[in-house]
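One structure is given here, and the rest of the page talks about it.
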Amino acid sequence: MAPHSPGTDQIDTLLWIGFVVAAIAIVAINGALIYAVRRYRGARDTDPRQVRGGRRTQFRVGALLSLFAMAVLIVSLVYTEKARETPTTGSAGLASARSEPLRIEATGQQWLWRYDYPNAAFSYYKLVVPVDTTIELGLVSTDVIHTWDVPQLAAKRDAVPGKTNHVVFRADEEGAYDGQSATFSGQAYAAMRTEVDVVSPQEYKDFIAEQKAGIQAAQDRVVGLIKEGEVP
Amino acid sequence: MSAARPEVVADGFSRRRPRWVELVTSADHKDVGRVMIVAALGFLFIALVEFVLMRLQLAVPENSLLSPVTFNRMLSLYGATAIFIFAIPLALGFFYYLAPLQIGARGTALPRLGQLGLWLYIAGATVLYAGFLFTPSEAGVNPLAPLSELAFLPNNGVDAWAAATGLATLGFVLIAINLVATMRKMRAPGMAWRRLPVFAWSAAIGSWLLLMIGPVMLAAITMLLIDRNFDGIFFADGSGGAPLLWEHMSWIFFTGAYMLILITALGAIAEIVPVFSGKPLFNRGAVIGSLLAIAVIGTLAWMQNMMTAPIGIGWMYFAMIMSLALIVPFGLILFNLIATMVGGALHMRAPLLFAVGAISMISIGITAEMVHSMVAVSWRLHNTMDATAATHFALVGGSIFGGFAALHYWFPKMTGRTMGETLARFSFWTMVTGTLLTFVPLFFAGADHGQVVDAYKFFDGTGVNAENLIATVGAFVLAIGILLTLANGMLSRTGGARAGHDQWGGDSLEWFALSPPEPHNFDVLPDVRSDRPMRDIRAAIANRSRRAERAARETQPVA
């Protein structure tokens, strides 16, 4: 899965570093283990020397391990801090989101995501955002804990009832990105998916206008029905 | 040699009651420990059935073998069984059987408390599976509030879960109290803390750890029960409660339990490797200190499970620093174990084979866990199959490979018979193949494609079809391997080759007792002079017979 946001770029790099370091560590440990077993097995009759390691060896090994841990820690801190940086809206992005990010509220509920855009438009399941624009999703939940996870665009974050969590991203390419809720939330948890459509700023404006018109039409229809007495 | 002191030997008094009545009413630490180990292994079988069923459901995309509700019940039962009903009691069973023997005690300090602990655990297991009579929990492995609240799961499944795990945890705490008291007060003359066998140290550290984390879980479970049954608001948002509170409390317990399982396994391995290498442990102090460090630092890393929760970045960095600090103690233990083998004369019997397998699996699991603790990586991999694979490598390595190493090693002591060697080898290699086949593909399903955990199905076109199919095949292979060892144990209990009292030439005092040990453990309490008392005793016996021979030769008339 190729990253499509500055933050996920950093996450991807750190993941690769971690993968390589872990692979080397696993091969080294198991290599030493297998070597020791093969080299010294079956020498049953010999009476091995009763050697014990001194304190100095332990300090040396401990110091080496500490250095390794420090190196991993520093690399992780650097990349995590980079991944946390808030990107700024680029030239191809939504003009109105230049100074501060486009704020959209994402509400998790069993088992669907609802997105509330500025200007009172909303959509279910599908989030539509303009390309090259900084988006700040405010994650809330109306029932249980959910996790908003679109791995190509952003770090995953939990929507916990009573708290607001934030996801910031800037999609660099138009297209559709799949996501799935990543915290067990009951029966239909597996089907709780979402999709992010990254479109041009003009298409985004059209979408918002269309949603608002649709919502308005639906409301008018309900109001009409109430007036006609069909809905009590 | 001085004349032996007069001893009262209570030997061979007749049993008036049937054997099983003796066993279930006994407060003897060996009977309690044995029942606990056997019960835990029985529940391992049940956990295995649940695991294989879930893997079958996930064999192909959008499978409909199990309904979502059935899958969620399997998942909840599997989680509770694997942790509360199998892994922790197995560890405690070995501690409870062996630690008093290893410190040269004739029993435990508070035997009835330990017995109560065992039966609370059995009661918990019974409640959990009695849940089948009404409804098992559907709240997942860790029933996160508010999903576990009455509003979202109104049937009594979660109550059964809470009662079951609560009873079991209370039992574990009671056993831990008895172990701490025993280790503190009942060591044989000369058995200073610095001479305590590494496994006995594991028992002491593990018991202290349980005394820290057990009450936290008990409190959380009580709060959950109050929330569900008495209109409580501990975990309800908006009325002064907080869903995050459950996360903190439960993760403190689960993280501590993870460390407890690894401490037990590494302690057992640190007993087995020196004995089968014919060398002392490379550096005892470093290994014991590292076990202690794992208990403290490891448990402090509980927020590693909450890297996506709305908590401050500082807490995430704190969890990461604690997790990465674990590199030092884990690395030191692995270094010392391998250094013990180097230059030794490896006796490649089943206990060492399983111990080596456990070291290998644990090394993969904790290394993957290290990657998960890097904050930004966790933002990608949290709750994916990659996390499942990492946890299972560490816990299957610790609890099953490590547990089986301990089982093969101490089986002769417990039953007076050895486990079949051929079957053990066959089982070992099947298990290794099964573990790798099951969990290596899941690493990739999680890391490359973001497949999420706990879901009853996955969708076609998400690129994880092959990984899941291989994992399902692997689960069957792993299950067969584990069943072979369980069968081996059952067959060997009565049919195995007779074992000696000091079957492997061990260093610690349990080998000074008979196999199986008498109810009072030792006729003569040994006088401990070093950290390898059994070796000293063997040397003294050899020395004495040599001296007797020489004396006999000298009194022979010269022709």
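Chain letters run A, B, ... following the sequence lines, proteins first and then strands; every chain starts at 1.
- In terms of heavy-atom pairs under 4.5 angstrom with chain A, the leader among B:N283, B:L153, B:V371 is B:N283.
- Separating the CD atom in A:Q50 from the CZ atom in B:R532 is a distance of 4.5 Å, to the nearest 0.5 Å.
- From B:S360, atom OG reaches atom CD1 of A:I26 across 9.0 Å, with rounding to the nearest 0.5 Å.
- Close approach to chain B, defined as a heavy atom under 4.5 Å from one of its heavy atoms, is seen in A:D143, A:V144, A:I145 of residues 120-149 of chain A, taken by number.
- Ranked by heavy-atom pairs shorter than 4.5 Å toward chain A, the options B:A309, B:G450, B:A339, B:S323 are led by B:A309.
- Side-chain atoms of A:R84 and B:W379, non-hydrogen and from C-beta on, do get closer than 4.5 Å to each other.
- Between chain A and the residues B:A368, B:P68, B:P280, the most heavy-atom pairs under 4.5 angstrom are made by B:P280.
- With values rounded to the nearest 0.5 angstrom, B:D386 atom CG is found 9.5 Å from A:F19 atom CZ.
- Of residues 150-178 of chain A, those residues lying under 4.5 Å from chain B by any heavy-atom pair are A:P151, A:A155, A:K156, A:R157, A:D158, A:V160, A:P161, A:G162, A:K163, A:N165.
- Of the listed residues (B:A236, B:P243, B:A447, B:S378), the one with the most heavy-atom contacts under 4.5 Å to chain A is B:P243.
- Across A:A36 and B:I338, no two heavy atoms sit closer than the pair CB-CG2, 4.2 Å.
- Both the backbone and the side chain of A:R52 come within contact range of chain B, with heavy atoms under 4.5 Å apart.
- Along residues 179-188 of chain A, the residues that come nearer than 4.5 angstrom to chain B, judged on non-hydrogen atoms, are A:Q180, A:S181, A:A182, A:T183, A:F184, A:S185, A:G186, A:Q187, A:A188 in order of number.
- Heavy-atom pairs under 4.5 Å with chain B were tallied for A:V21, A:D12, A:I34, A:I17; the largest tally goes to A:D12.
- Among residues 54-82 of chain A, the residues having any heavy atom closer than 4.5 Å to a heavy atom of chain B are, in sequence order, A:G54, A:R55, A:T57, A:Q58, A:V61, A:G62, A:L65, A:S66, A:F68, A:A69, A:V72, A:L73, A:S76, A:L77, A:T80, A:E81.
- Here the shortest heavy-atom pairing between B:G343 and A:P48 reads O-CB, 3.5 Å.
- Options B:N383, B:D237, B:T308, B:L334 differ in how many heavy-atom pairs under 4.5 Å they form with chain A, and the most are formed by B:T308.
- Most heavy-atom pairs under 4.5 Å with chain A: of the set B:M307, B:H382, B:H372, this distinction falls to B:H382.
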